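See structure below.
Everything quoted here is computed from the prediction, not taken from an experiment.
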Amino acid sequence: MNEHVQGTGGPLFNPLSPDFIRDPYPHYDRLRAIYPIHVTPFGQFVASRHADVSLVMRDKRFGKDFVERSRRRYSEKIMEEPVFRSMSHWMLQADPPDHTRLRGLVVKAFTARRVEDMRPRIQEIVDQTIDAVIDRGHMDLIEDFAFRLPVTIICDMLGIPEDHRETFYNSSRDGGRLLDPVPLSPEEIAKGNAGNMMAQMYFQQLFELRRRNPGDDLITKLVQAEEDGNKLTNEELTANIILLFGAGHETTVNLIGNGLLALHRNPDQLALLKARPDLMVGAIEEFLRYDSSVQMTGRVALEDIDDLGGAKIPKGETVLCLLGSANRDPAVYPDRPDRLDVTRQNVRPLSFGGGIHFCLGAQLARLEAEIAIATLLRRLPDLRIDDVENPEWRPTFVLRGLKRLPASW
């Protein structure tokens, strides 16, 4: 009853299958109904219900244990691969006390006041982006619109010089596979290593530049950081800047793209939002719930867990938390959870994770999406997406987003 279910025609959880990537939500419905704590062929436990997902993310009996988890999954030598060694220094993959120290060094850049102070700059970038394409009458909503805003903002925050940015605007977006629950092939690891080495070389030069010419930016602050005597090692510094750059734009690009697609697939909700722009802040929460740009996060049991949704989780085992499934759990959203409703009340999506790893940039992502979508609806009211039925999704599962989304007006 575990892996194949009679009459369903295949594995319950096959997250890289084209069918799953196109629309994971029917698969989640089956998981929650038939096997809410499911075991994959790789021996990972998969939690699909809101209650279980929420508990695992907040319970101190679960952690990240990245190095040991990776060794168990690949081999003892996996940490010799540069991309895995770099990821082992990410605050996202760290447990206390390292996590506490690393996060403490960057959290000040993301306070509510600092984020709100960015509103005029975000508005300026969105307007410039639309100005650049408005006379063409068509654009790719991902490449020409959603992508440019968060990349520019994170470059601003990190202090990446203007004349270096073209590389970042043109950089590939295929790093998402690193986070997927299906093991990477040797070719994918080699590709990850190459991308990581390029980023390391660039940021090492930028650190030297900022040591000589400090600026009012996050890289300068981290280079100078001395929190209770806790400086970052060079390896930690590089790894976490790579993390902040990736996390600082990937999820926001997907939030804007997935939100615009959802609206255009639901013309009644699109019309309502155009008529009532005051609904936009709540609508962003509904976009996050309805089609989360992050579909999954993982934890490791740091001790034996006697009962998680009726299952025993032995110490050292991985639990994959399906955020996208939890966000549509009828136990929490009893009123048609599979429907987009921009007026829905009490929406509290789990899309930014939870517990000590709750996303640092959650408020920034919300603000960027709010301004981007509101401005687009206002300035291009007759915009149409060319093909809402069969858009091209990126072939990744954890980071759910569109490869392109052509539109015209």
- Message: Taking the side chain as everything from C-beta on, heavy atoms only, tell me whether W90 gets closer than 4.5 Å to L102.
- Response: no
- Using 4.0 Å as the upper bound for N to carboxylate O, is an ion pair formed by R339 and D268? yes
- Message: Please determine whether side chain to side chain contact (heavy atoms under 4.5 Å, CB included) holds for the pair S17 and I21, giving the CA-CA distance in whole Å, both sets of side-chain angles, and the decisive distance to 0.1 Å.
- Response: CA-CA 6 Å; S17 74; I21 282 169; over 6 Å; no
- Message: Looking at R119 and E124, is there a salt bridge between them, counting it only when a charged N and a carboxylate O are closer than 4.0 Å?
- Response: no
- Kindly compute the distance separating CG (D180) from CG (L16), expressed to the nearest 0.5 Å. 5.0 Å
- How close do L376 and M139 get, heavy atom to heavy atom, and via which atoms? CD1-CE, 3.7 Å
- Query: Any sub-3.5 Å donor-acceptor pair from T396's side-chain atoms to V398's backbone N or O?
  - Reply: no
- Message: Are more than 12 heavy atoms, taken from residues, nucleotides or ligands other than D216, located less than 6.0 Å from that residue's CG atom?
- Response: no
- For atom CZ of R121, decide whether the heavy atoms of other residues, nucleotides or ligands shown that lie under 6.0 angstrom number more than 12. yes
- Task: Dump the intermediate steps for side chain to side chain donor-acceptor pair (under 3.5 Å) on T375 and D127, then the final yes or no.
- Result: CA-CA 8 Å; T375 307; D127 282 322; 5.1 Å; no
- Message: Under the criterion ring pair (Phe, Tyr, Trp, His ring centres under 6.0 Å), I'd like the reasoning laid out for F168 against H164: C-alpha separation, chi angles, the key distance, then a yes or no.
- Response: CA-CA 8 Å; F168 290 93; H164 294 187; 8.2 Å; no
- Would you call D156-R165 a salt bridge at under 4.0 Å N-O? yes
- Message: Minimum heavy-atom separation for V106 and M91, please, with both atom names.
- Response: CG2-CE, 3.5 Å
- Message: Any heavy-atom pair between the side chains of V46 and L322 that's under 4.5 Å?
- Response: yes
- Query: Within the distance-only criterion (no hydrogens, no angle test), does the side chain of D307 pair as donor or acceptor with the backbone N or O of G310 below 3.5 angstrom?
  - Reply: yes
- Cationic tip of R328 within the cone over Y333's six-membered ring, i.e. under 6.0 Å and within 45° of the normal? no
- Query: Between E236 and R101, is there a salt bridge with N-O shorter than 4.0 Å?
  - Reply: yes
- Have R58 and S54 got a donor and an acceptor in their side chains that come within less than 3.5 Å? yes
- Message: Taking R265 first and then E389, would you say they form a salt bridge - that is, a charged N and a carboxylate O separated by under 4.0 Å?
- Response: no
- Compute whether any side-chain donor of one residue and acceptor of the other, for T297 and R299, lie under 3.5 angstrom apart. yes
- Item | Polar side chain donor-acceptor pair, Q93 to D65, under 3.5 angstrom | no
- Query: Aromatic rings F207 and F203: how do their planes relate, parallel, tilted or perpendicular, breaks at 30° and 60°?
  - Reply: parallel
- Message: I'd like to know if the side chain of D98 reaches the main chain of A94, judged simply by a donor and an acceptor atom lying under 3.5 Å from each other, with no hydrogens or angles considered.
- Response: no
- Point-to-point distance, once rounded to the nearest 0.5 Å, from CG of L364 to CD1 of I154: 7.0 Å
- Query: Charged N to carboxylate O under 4.0 angstrom, R379 versus D131?
  - Reply: yes
- Item | Test item: L288 and R366 side chains (from C-beta on) under 4.5 Å apart, heavy atoms | yes
- Query: Can you find a pair of side-chain heavy atoms, one from F287 and one from I256, that are under 4.5 Å apart?
  - Reply: no
- Query: Do you see a donor-acceptor pair shorter than 3.5 Å between the side chains of H27 and D19?
  - Reply: yes
- Is it the case that S86 and Q200 place a side-chain donor and acceptor less than 3.5 Å from each other? no
- Please determine if D144 and R136 form a salt bridge, counting it only when a charged side-chain N lies under 4.0 Å from a carboxylate O. yes
- Task: Assess whether side chain to side chain contact (heavy atoms under 4.5 Å, CB included) is satisfied between E286 and R289, documenting all intermediate values.
- Result: CA-CA 5 Å; E286 176 68 347; R289 183 200 72 80; 2.8 Å; yes
- I would like to know whether H264 and L383 meet side chain to side chain contact (heavy atoms under 4.5 Å, CB included); could you show each step before the answer? CA-CA 10 Å; H264 284 263; L383 178 136; 3.7 Å; yes
- Message: Checking N254 against T251: is there a side-chain donor and acceptor pair closer than 3.5 Å?
- Response: no
- Indicate yes or no: at least one non-hydrogen side-chain atom of D59 is less than 4.5 angstrom from one of F62. yes
- Message: Using modelled atom types and a 3.5 Å cut-off, is there a donor and acceptor pairing between side-chain atoms of T238 and backbone atoms of N234?
- Response: yes
- Task: Start with the C-alpha distance between I78 and E81, add both sets of side-chain angles, then the distance that settles side chain to side chain contact (heavy atoms under 4.5 Å, CB included), and finish with yes or no.
- Result: CA-CA 6 Å; I78 193 64; E81 302 287 357; 4.0 Å; yes
- Item | Inter-residue atom distance Y290.OH - N327.CG, 0.5 Å rounding | 12.5 Å
- Is a salt bridge present between E285 and R348, judged by a nitrogen-to-oxygen distance below 4.0 Å? no
- Not counting sequence neighbours, list each pair that qualifies as a ring pair (Phe, Tyr, Trp, His ring centres under 6.0 Å) and has a residue in residues 358-402. F13-F397, F20-F397
- Query: Would you say R336 has more than 12 foreign heavy atoms packed within less than 6.0 Å of its CZ?
  - Reply: no
- Item | Sidechain N-carboxylate O distance under 4.0 Å for R73, E68 | no
- Note on the structure: Interatomic distance, CZ@R71 vs CE@M79, rounded to 0.5 Å, equals 6.5 Å
- Query: More than 12 foreign heavy atoms under 6.0 Å from NZ of K274: is that the case here?
  - Reply: yes
- Query: Is any side-chain heavy atom of L320 less than 4.5 Å from a side-chain heavy atom of P181?
  - Reply: yes
